[in-house]
There are 2 protein chains.
Amino acid sequence: MTDVARLAGVSVKTVSRVVNDEPGVHPDTASQVLAAIDSLGFRRHIGASNLRRGRSTGTVGLVLEDVSNPFYSGLTRAVEEVARSHGCQVLTGSSDADPTREHQLAAEFCARRVDGLIVVPTGDQHGYLAPEQHAGTPIVCADRPPRGLTADTVLVDNVGGARAAVAHLAAHGHRRIAFLGDSSHIFTAGERLRGFREGCALAGIELPEHLIQMAAPTEASIGDALRAVLDGPSPATALFTGNNRATVHALRALHERDHRPALVGFDDFELADLLRPAVTVIAHDPAELGRAAAERLFARMRGDSTPAKQVVLPVRLVPRGSGEVST
Amino acid sequence: MTDVARLAGVSVKTVSRVVNDEPGVHPDTASQVLAAIDSLGFRRHIGASNLRRGRSTGTVGLVLEDVSNPFYSGLTRAVEEVARSHGCQVLTGSSDADPTREHQLAAEFCARRVDGLIVVPTGDQHGYLAPEQHAGTPIVCADRPPRGLTADTVLVDNVGGARAAVAHLAAHGHRRIAFLGDSSHIFTAGERLRGFREGCALAGIELPEHLIQMAAPTEASIGDALRAVLDGPSPATALFTGNNRATVHALRALHERDHRPALVGFDDFELADLLRPAVTVIAHDPAELGRAAAERLFARMRGDSTPAKQVVLPVRLVPRGSGEVST
DNA sequence: GGGGAGTCTGACAACGATGTCATAGCGCGG
DNA sequence: CCGCGCTATGACATCGTTGTCAGACTCCCC
C-alpha cells in the first residue's frame with residue numbers, strides 16, 4: 001500500500017480511501033491511485049484490515065463429521081450459500097466423530113476469530129465451547145444438541161421419524177422388527193432408538209433385545225448385526241436402519257441373501273427410488289438443516305440476543321416399496 | 001495480551017514468549033503468565049500473529065463446482081486431510097460452474113492471503129489467476145486444466161476412459177452408441193467426447209451426429225437427450241453418459257421405459273453395484289484426485305519450483321452388467 | 001574485586017491497514 | 001480583506017502480535 005501511495009504520489013490514507021470507496025477523494029486523484037494499484041498488482045490485505053477495524057473477519061467455521069458423507073456435504077453447501085449471501089466465507093473441518101478432533105477444530109477456528117461457529121457435536125461434553133461463546137462468538141449446533149452448553153440447536157424429528165417407520169412396518173404386518181443404529185452415545189442414534197421403542201410399544205410389539213444392534217456404521221459391523229438379527233431362531237422380518245450409512249451397508253449385505261426382509265431407513269439417499277425394491281425412508285433435507293442453522297447463526301451475529309432456541313425440523317416417511325416386502 | 005501482561009506483572013513480550021513456547025522464560029514467571037491467561041480466558045489472535053510474522057496464514061483455498069456433488073465432496077475431504085497433516089485449514093467455495101463466481105471466490109481467497117489455491121477451473125479463461133500466481137500464491141488445478149495460465153494440473157484419463165467405455169460396448173455387439181455429455185465448453189466433456197469418437201473410430205463404428213447430445217446434466221435436458229437418441233428411426237442400443245450427474249438422471253429417465261439400452265457411465269457412484277442391472281462405470285477416485293492436487297500444492301508451498309507438471313490419473317472400467325444389456 | 005558468560009526480561013518498532021484529527025486551499029459574502 | 005464553510009488530503013496513532021536489541025542481574029573464575 002505504501003508502494004501504491006508512492007507511485008501515485010499520494011499518502012497511504014488516500015489509497016485506503018480509494019480502496020474502500022470512501023467519499024471525498026478527487027476523481028483525478030482516485031484514477032491515479034487506481035492506475036498505480038493496477039500497475040503494481042496491489043491487493044488489499046483483508047487480515048490487516050480486520051485487525052485494524054477490530055470487528056468481523058467475514059468468516060464462519062463449520063465443524064462436522066465428514067464432508068464426504070452426502071448428508072454433511074448437502075448441509076455444507078447450504079451453509080456456504082447462506083454465508084455467501086451475507087458476504088461471508090466458510091472454514092470447514094471434518095471431525096470424523098472424534099471429540100478431540102472436534103475440539104481442536106473448534107479451537108483453531110476460534111483462534112482465527114471466526115465470526116460464528118456451526119458445530120455438529122460429537123462426544124459427550126461441549127463445555128469447552130463455553131469460553132468462546134462467552135467471549136462473544138455465536139455458536140449454533142446442528143443435527144445434535146450440545147451437552148454441557150446452552151446454544152441454539154437445529155435438529156430433525158428423530159423420535160417422530162423412528163415412530164413413523166415402526167408404524168409403517170407394523171401396518172404391513174411386521175411384528176419382529178430389528179433396529180440397526182449407530183453407537184448409542186451418539187445423540188441421533190439414541191433418539192431414534194427411543195422413537196423405535198415407542199413405536200413398538202404403540203403397535204404392541206414385543207422387542208427382544210437381540211433385535212437391537214448399536215454399532216458404528218461400517219460394512220463389517222453392519223454385516224455382523226444383520227447376521228445377529230436374521231440368522232437366529234426368531235429372525236426379524238423387517239429392519240429399521242438408523243442412518244444413511246447403515247442403510248447402504250445393510251442393502252449391500254442383504255444383496256447376497258436370497259430372502260430379503262422389509263426395510264425402512266432413516267435419511268433419504270440418492271437412487272433409493274431406483275433400487276428394486278425401492279427403499280422406503282424417513283426423509284429430511286440436509287440442506288434445510290444447514291440453512292436453518294446458518295440463518296440462526298447470522299441472526300445471532302447481527303445481534304439477536306433472545307434466549308437460545310431449539311428448532312426441530314419435520315421428517316416425512318417416503319414409502320417406496322421396501323417397507324412392504326414381507327417374508 | 002496487554003491485560004494478561006498487566007495481571008501477571010510482566011511485559012507483553014514475555015507473555016508472547018510464553019504463548020509461543022519460546023525458551024528463556026523462568027518457570028515461575030511462565031506459570032504466573034499461564035495463570036493470568038487462564039483467568040482472563042485469553043486467546044492469541046492468529047491473524048495479528050500472521051500479520052507480524054509476515055508469513056503463511058495456515059490456510060488454503062479450494063474452489064470447486066459444488067460441494068454437495070459426491071465427486072467434489074470426496075475431493076474436498078481428501079484436500080482437507082492433506083491440509084490437516086500440514087497443520088493447515090481449508091476455505092471452500094462452490095462456483096456452480098459460473099466463471100464469474102469462480103473468479104470472485106479465488107480473488108476473495110487471495111485477499112485473505114491463503115497460502116495456496118486449488119481450483120477446479122470453470123469457463124474459458126483463467127488468466128485472471130496469473131497475478132496471484134506471480135505474487136507467489138501457488139495454484140494447482142484439479143480435474144480440468146486452466147486456460148491461459150500455466151499451473152500444476154491433476155486430471156483423470158478422460159480420453160482413455162471414454163475409449164475403454166466404447167470398446168466395452170462394442171465388444172458386446174453394440175454399433176449404435178449414444179453419448180450424453182455435459183456442455184462441450186467444459187474440458188472434461190470435450191475430452192470424453194474426443195475419447196468417445198476415437199473409440200468409435202477404432203471399433204469401426206459410424207457415428208451419426210444425432211447420437212451425440214451435449215447439454216447441462218439436469219433432469220430435463222437429459223430427458224430430452226434420451227428421447228432424441230432412443231425415439232428416432234435408428235435408435236441407440238447403448239448409452240455412454242459423460243459424468244455422474246448425467247448417469248443418474250439417465251437412469252431415472254430410463255426407469256420409465258420398458259426397453260432399456262446398455263449403459264456405461266463416466267464416474268463411479270454409490271450404489272451403482274446394487275442397481276439392477278448394476279451399472280458399468282469408468283471409475284476413478286475423487287479422493288485420489290484431491291490428494292494428488294493437495295500434495296502438489298504443499299510441495300509448491302514448501303518451495304518446489306520445478307516447472308509446472310500435468311499429472312493424469314488412471315481410470316478403470318468396472319464391468320457390472322449394464323454394459324452388456326442388449327436390445 | 002573485576003570481568004566475561006549466561007539467564008531472564010522489557011522497550012520499541014514494525015507487519016498492513018484504517019479512524020481521528022488537523023490543515024491547506026478554495027470560493028464567497030459582508 | 002477577513003473569516004466562514006467546504007473539499008481534499010495527510011500525519012499519526014492504533015489494532016494484537018513478534019523480532020531486535022539492550023539492559024539488569026547472577027554466577028563463577030582468575
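Atoms considered below: every heavy atom in the structure, side chains included; atoms not considered: hydrogens, waters and symmetry mates. Chain A is the first sequence line, chain B the second, and so forth, proteins listed ahead of strands; every chain is numbered from 1. Just so it is clear, the structure is predicted and the values come from calculations on it, not from any experiment.
We find that CG of A/Leu51 is positioned 8 Å from C1' of D/dT17, with the value rounded to whole Å. When rounded to the nearest whole Å, the span between CZ of B/Arg53 and C1' of D/dG16 equals 12 Å. Whole-Å rounding puts the B/Arg113 CZ to C/dC15 P distance at 14 Å. The distance from atom CZ of B/Arg52 to atom C1' of C/dC15 is 6 Å, rounded to the nearest whole Å. Between the CZ atom of B/Arg6 and the C1' atom of D/dG16 there is a distance of 14 Å, given to the nearest Å. Residue A/Asn50 contributes atom CG, which lies 10 Å from atom C1' of C/dA17 at whole-angstrom precision. Distance A/Met1 CE to C/dC15 C1': 14 Å, rounded to the nearest Å.
For residues 15-25 of chain A, no pair satisfies salt bridge (Lys or Arg N to Asp or Glu O under 4.0 Å), with sequence neighbours left out. Applying the side-chain hydrogen bond (donor to acceptor under 3.5 Å, both in side chains) rule to pairs touching residues 37-47 of chain A yields A/Arg43-B/Glu132, sequence neighbours excluded. The salt bridge (Lys or Arg N to Asp or Glu O under 4.0 Å) pairs that include a residue from residues 76-89 of chain A are A/Arg77-A/Glu80, A/Arg77-A/Glu81, A/Arg77-B/Asp66, A/Arg77-B/Asp96, A/Glu81-A/Arg84, where partners are two or more places apart or lie in different chains.
Here A/Thr306 pairs with A/Arg296, A/Arg300, A/Asp304, A/Lys309 under the side-chain contact (heavy atoms from CB on, under 4.5 Å) rule; sequence neighbours left out. Taking the side-chain contact (heavy atoms from CB on, under 4.5 Å) definition, one finds that A/Glu288 meets it with A/Asp285, A/Arg291, A/Leu313, sequence neighbours left out. By the side-chain contact (heavy atoms from CB on, under 4.5 Å) test, B/Ile186 pairs with B/Arg144, B/Asp182, B/Thr188, B/Ala189, sequence neighbours left out.
With rounding to the nearest 0.5 angstrom, the NE2 atom of A/His103 is 13.5 Å from the OG1 atom of A/Thr122. Distance check: A/Asp143 CG to A/Tyr72 OH gives 5.0 Å after rounding to the nearest 0.5 Å. Here A/Leu297 contributes atom CG and A/Leu117 contributes atom CG; the two are 8.0 Å apart, rounded to the nearest 0.5 Å. The line from OG1 of B/Thr92 to CG of B/Leu75 is 11.5 Å long, rounded to the nearest 0.5 Å. Considering CZ of B/Phe298 and SG of B/Cys88, their distance stands at 4.0 Å, rounded to 0.5 Å. The distance from atom CG of B/Asn69 to atom OG1 of B/Thr76, rounded to the nearest 0.5 Å, is 9.5 Å.
A/Arg53 and A/Ser49 share a donor-acceptor pair across their side chains, judged by distance under 3.5 Å alone. Side-chain atoms of A/Asn50 and A/Thr57 form no donor-acceptor pair, as typed in the model, at a separation below 3.5 Å.
Of all the residues in residues 20-29 of chain A, A/Gly24, A/Val25, A/His26, A/Thr29 reach under 4.0 Å from DNA chain D with at least one non-hydrogen atom. Within residues 34-47 of chain A, the residues having any heavy atom closer than 4.0 Å to DNA chain C are, in order of number, A/Phe42, A/Arg43, A/Arg44, A/His45.
Within the structure, every side-chain polar atom (N or O) of B/Ser49 is placed at least 4.0 Å from both OP1 and OP2 of D/dT17. Residue B/Ser16 places none of its side-chain N or O atoms closer than 4.0 Å to OP1 or OP2 of D/dT17.
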N/O donor to acceptor pairs below 3.5 angstrom from side-chain atoms of residues 23-33 of chain A, sequence neighbours left out:
unit_1	atom_1	unit_2	atom_2	d
A/Ser31	OG	A/Pro27	O	3.4
A/Ser31	OG	A/Asp28	O	2.9

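Terminal axes of the helix from C/dG1-D/dC30 to C/dG30-D/dC1 (five pairs each, C1' rotation axis) are separated by 70°, to the nearest 10°.
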For nucleotides 21-24 of chain D, list the nitrogen or oxygen atoms of the protein found under 3.5 Å from its nitrogen or oxygen atoms, one pair per line.
none

What does the list of N/O pairs under 3.5 Å between the protein and nucleotides 22-26 of chain C look like, with a distance for each?
none

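For the pair A/Ser95 (side chain) and A/Leu64 (backbone), a donor-acceptor distance under 3.5 Å is present.
Between B/Gly54 and B/Thr14, the residue whose closest nucleotide on DNA chain C is further toward the 5' end is B/Thr14.
Across all strands, A/Val19 comes closer than 4.0 Å to no nucleic acid atom at all (heavy-atom distances).
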